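Along the sequence shown, the residues carry numbers beginning at 1. Please read all numbers here as calculations on a predicted model, not as lab measurements. For the numbers below, each heavy atom of this structure counts, side chains included, while hydrogens, waters and symmetry mates do not.
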Amino acid sequence: MTDVKELIIAIVQPLVEHPEDVKLTEHETERFMEFDLQVNPSDIGRVIGKQGRVAQSIRAIVYSVKAPYQKRVRLNIVDA
């Protein structure tokens, strides 16, 4: 089983200028295991990308991984 949290961090840290500011929190809702990603405000554009393409690609990778959870995984990019 792959640790989804480590996977998200491994994908995002090389994309940003401030990898030390990458924070990932997880919480469970009724239907999902949700991961909230926070990055430095100057890096938010790098994580989302033009027309959301980078964020969409990150989500596609994360959602395709076999997760050890009984619920579906959801990645939220939080704009602090």
Side-chain angles (χ1 to χ4, degrees):
M1 286 186 263
T2 304
D3 188 4
V4 176
K5 197 170 187 177
E6 287 179 17
L7 174 65
I8 295 169
I9 290 172
I11 293 170
V12 173
Q13 279 187 333
L15 296 175
V16 297
E17 288 185 359
H18 305 282
E20 68 280 357
D21 291 343
V22 174
K23 294 183 183 86
L24 190 65
T25 57
E26 60 182 293
H27 62 276
E28 196 170 341
T29 63
E30 189 175 309
R31 295 179 54 209
F32 297 99
M33 189 65 186
E34 296 198 15
F35 292 88
D36 295 331
L37 175 66
Q38 284 185 293
V39 296
N40 188 298
S42 65
D43 289 329
I44 196 78
R46 293 174 174 270
V47 174
I48 294 174
K50 290 185 180 177
Q51 298 179 352
R53 289 190 179 131
V54 174
Q56 189 176 20
S57 298
I58 294 169
R59 286 186 176 117
I61 293 168
V62 171
Y63 297 167
S64 67
V65 172
K66 176 70 175 138
Y69 311 109
Q70 299 298 321
K71 300 179 179 189
R72 293 180 59 189
V73 172
R74 176 183 278 173
L75 175 62
N76 304 313
I77 299 170
V78 180
D79 188 7

Exercise. Should we count CD of Glu20 as having more than 12 external heavy atoms under 6.0 Å?
Worked result: yes

Exercise. What do you reckon, is CD of Glu26 surrounded by more than 12 foreign heavy atoms closer than 6.0 Å?
Worked result: yes

Seminar exercise, completed: When Glu30, Glu28, Glu34 are each screened for salt bridge (charged side-chain N to carboxylate O under 4.0 Å, His left out) with Lys71, the one that passes is Glu28

Problem set entry | Closest approach of Gln13 to Pro19 (non-hydrogen atoms, all atoms of both residues) | NE2-O, 3.3 Å

Exercise. Could you give the distance from CG (Leu7) to OG (Ser64), rounded to the nearest 0.5 Å?
Worked result: 8.0 Å

Problem set entry | Evaluation steps, side chain to side chain contact (heavy atoms under 4.5 Å, CB included), between Arg59 and Ile77 | CA-CA 10 Å; Arg59 286 186 176 117; Ile77 299 170; 4.0 Å; yes

For this session: Could you grab the distance from atom CG of Asp36 to atom CG of Asn76, nearest 0.5 Å is fine?
Result: 5.0 Å

For this session: Indicate whether any N or O donor in one side chain lies under 3.5 Å from an N or O acceptor in the other, for Asn40 and Glu17.
Result: no

Exercise. Hey, which of Thr25, Val47, Ile58, Val78 is the one that makes side-chain contact (heavy atoms from CB on, under 4.5 Å) with Leu37?
Worked result: Val47

Exercise. Are side-chain heavy atoms of Val39 and Asp21 found at a separation under 4.5 Å?
Worked result: no

For this session: Apply side chain to side chain contact (heavy atoms under 4.5 Å, CB included) to Arg74 and Phe35, showing your working.
Result: CA-CA 6 Å; Arg74 176 183 278 173; Phe35 292 88; over 6 Å; no

Problem set entry | Side-chain donor/acceptor of Tyr63 to backbone N/O of Leu75, under 3.5 Å | yes

Problem set entry | Six-ring centre of Phe32, Arg72 cation under 6.0 angstrom, axis tolerance 45° | no

For this session: Applying side chain to side chain contact (heavy atoms under 4.5 Å, CB included), run through Glu6 and Ile8 and close with a yes or a no.
Result: CA-CA 6 Å; Glu6 287 179 17; Ile8 295 169; over 6 Å; no

